Amino acid sequence: MSGAGGDRRVERPIEWDRLELSVRRLLDDYDRWRERARSAERRIGELEAALRDVVGGHLDPIALSARIEELEAENRELLDRLGRARERVVRLVDRLRFLEEER
């Protein structure tokens with residue numbers, strides 16, 4: 001005989017598990033949407049500040065555009081130089097391997 005505090009298990013309906021899973025998914029979605037909203041609000045603040053700087057005359061859009069073009073050209077040149085340097089390093093490594101094999 002089992003006592004008053006016996007081992008009685010209450011079976012939950014299968015719908016309860018589905019409901020729990022749905023609520024968990026909704027909470028995850030809510031967290032993602034809340035983070036996206038915060039990120040969007042930060043971005044709006046940054047854009048509004050940039051717009052105030054341009055409208056207030058603190059930034060010259062034409063000068064900024066020219067500077068961007070300069071930086072992009074510099075970036076292309078640096079990437080080209082890195083590519084050439086990478087090729088040289090590969091050739092040196094190949095030579096070293098060759099010399100190691102001859103020993």
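No experiment lies behind these values; they were computed from the predicted model shown.
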Set of residues satisfying salt bridge (charged side-chain N to carboxylate O under 4.0 Å, His left out) with respect to Arg32, sequence neighbours excluded: Asp29

With Glu69 via salt bridge (charged side-chain N to carboxylate O under 4.0 Å, His left out) - residues at least two apart: none

Enumerate donor-acceptor pairs with a distance under 3.5 Å from any side-chain N or O in residues 50-59 to protein atoms, sequence neighbours excluded.
none

For Asp31, all residues meeting side chain to side chain donor-acceptor pair (under 3.5 Å), sequence neighbours excluded: Arg34

Arg95 vs Leu92 side-chain heavy atoms within contact, under 4.5 Å: yes

Set of residues satisfying side-chain contact (heavy atoms from CB on, under 4.5 Å) with respect to Glu35, sequence neighbours excluded: Arg38, Arg42

Point-to-point distance, once rounded to the nearest 0.5 Å, from CD of Glu74 to CG of Leu78: 5.5 Å

Any pair counted as salt bridge (Lys or Arg N to Asp or Glu O under 4.0 Å), so long as it reaches residues 81-93, sequence neighbours left out: Asp80-Arg84

Linked hydrophobic residues, Leu79 as query - side chain contacts closer than 4.5 Å: none

Tabulate below the donor-acceptor pairs under 3.5 Å that side-chain atoms of residues 60-67 make, not counting sequence neighbours, or state none.
from: Asp60; atom 1: OD1; to: Ile62; atom 2: N; distance (Å): 3.3
from: Arg67; atom 1: NH1; to: Glu70; atom 2: OE1; distance (Å): 3.2

Gap separating the CG atom of Asp94 from the CG atom of Leu99, nearest 0.5 angstrom: 11.0 Å

Residue list, side chain to side chain donor-acceptor pair (under 3.5 Å) with Arg97, at least two apart or on another chain: none

Pair up each side-chain donor or acceptor in residues 16-24 with any protein partner under 3.5 Å, not counting sequence neighbours, and list the distances.
from: Asp17; atom 1: OD1; to: Arg12; atom 2: NH2; distance (Å): 2.9
from: Glu20; atom 1: OE2; to: Arg24; atom 2: NH2; distance (Å): 3.1
from: Ser22; atom 1: OG; to: Arg18; atom 2: O; distance (Å): 3.0

Partners passing side-chain contact (heavy atoms from CB on, under 4.5 Å) against Glu41 (at least two apart in sequence or in another chain): none

ILVMFWY cluster membership beyond Ile14 - transitive side-chain contacts under 4.5 angstrom: none

